[in-house]
Amino acid sequence: MKTKKIPQRMCLGCQEVKSKRDLIRIVRSPEGEFSVDATGKKPGRGAYICPRQECFTAARKSRGLERSFKSQIDVSVYDLLEQQLDALASDTEG
């Protein structure tokens with residue numbers, strides 16, 4: 001019997017390779033809008049990050065998202081992503 005391959009992705013914050021399901025996808029839509037993709041199925045370019053605040057802070061400091069998307073990201077986008085990640089984390093805790 002064949003074992004199913006589990007997709008692996010690297011976190012932009014801690015640089016650890018983890019299961020794709022354990023990470024949160026941040027996506028840039030074809031229109032250029034950034035958002036948190038909880039389902040992992042939105043169209044557009046994606047980057048992955050751990051659901052921990054420390055990883056988001058590290059990715060922001062090292063400009064990991066900017067390197068991944070190959071474009072400048074406005075500070076307001078980072079603030080919006082941080083709010084969405086906080087809301088997602090509070091939904092999974094409660």
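Being a predicted model, the structure only gives us computed values, none of them experimental. Just so it is clear, the values below take in all heavy atoms, side chains as well, and ignore hydrogens, waters and symmetry mates. Heads up: numbering here begins at 1 and tracks the sequence.
- Heavy-atom minimum distance, Arg28 versus Ser71: NH1-OG, 3.5 Å.
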Extract all donor-acceptor atom pairs below 3.5 Å that involve side chains of residues 30-43 and protein atoms in other chains or at least two apart in sequence.
from  : atom 1 : to    : atom 2 : distance (Å)
Glu31 : OE1    : Ser29 : OG     : 3.3
Ser35 : OG     : Lys42 : NZ     : 3.3
Asp37 : OD1    : Thr39 : N      : 3.3
Asp37 : OD1    : Thr39 : OG1    : 2.9
Asp37 : OD1    : Gly40 : N      : 3.0
Asp37 : OD2    : Arg25 : NH1    : 2.9
Asp37 : OD2    : Gly40 : N      : 3.3
Asp37 : OD2    : Lys41 : N      : 3.1
Asp37 : OD2    : Lys42 : N      : 3.0
Thr39 : OG1    : Lys41 : N      : 3.3

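- Side-chain contact between Leu81 and Ile73 is absent, with no heavy-atom pair separated by less than 4.5 Å.
- When hydrophobic residues (I, L, V, M, F, W, Y) are linked wherever their side-chain heavy atoms come within less than 4.5 Å, the members clustered with Leu23 are Tyr48.
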Atom pairs and distances, side-chain donor-acceptor, residues 51-64, under 3.5 Å, sequence neighbours left out:
from  : atom 1 : to    : atom 2 : distance (Å)
Arg52 : NE     : Glu54 : OE1    : 3.3
Gln53 : NE2    : Glu82 : OE2    : 2.8
Thr57 : OG1    : Gln53 : O      : 2.9
Arg60 : NH2    : Asp79 : OD1    : 3.2
Ser62 : OG     : Ala58 : O      : 3.0
Arg63 : NH1    : Glu66 : OE1    : 3.1
Arg63 : NH1    : Glu66 : OE2    : 3.4

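- With hydrogens and angles ignored, the 3.5 Å screen pairs a side-chain donor or acceptor of Arg45 with a backbone N or O of Ser68.
- Two residues are said to be in side-chain contact when any heavy atoms from C-beta on lie closer than 4.5 Å; Asp86 and Gln83 fail this criterion.
- Of the inter-residue distances, the one linking Phe69 atom CZ with Ile26 atom CD1 reads 6.5 Å to the nearest 0.5 angstrom.
- For residues 3-33, no residue pair satisfies the ring-ring contact (aromatic ring centres under 6.0 Å, His included) rule, not counting sequence neighbours.
- Residue pairs meeting the ring-ring contact (aromatic ring centres under 6.0 Å, His included) criterion with at least one member in residues 4-33: none, sequence neighbours excluded.
- The side-chain hydrogen bond (donor to acceptor under 3.5 Å, both in side chains) search around Thr3 returns none, not counting sequence neighbours.
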Got a list of side-chain donor-acceptor pairs under 3.5 Å for residues 9-17, not counting sequence neighbours?
from  : atom 1 : to    : atom 2 : distance (Å)
Gln15 : NE2    : Leu12 : O      : 2.9

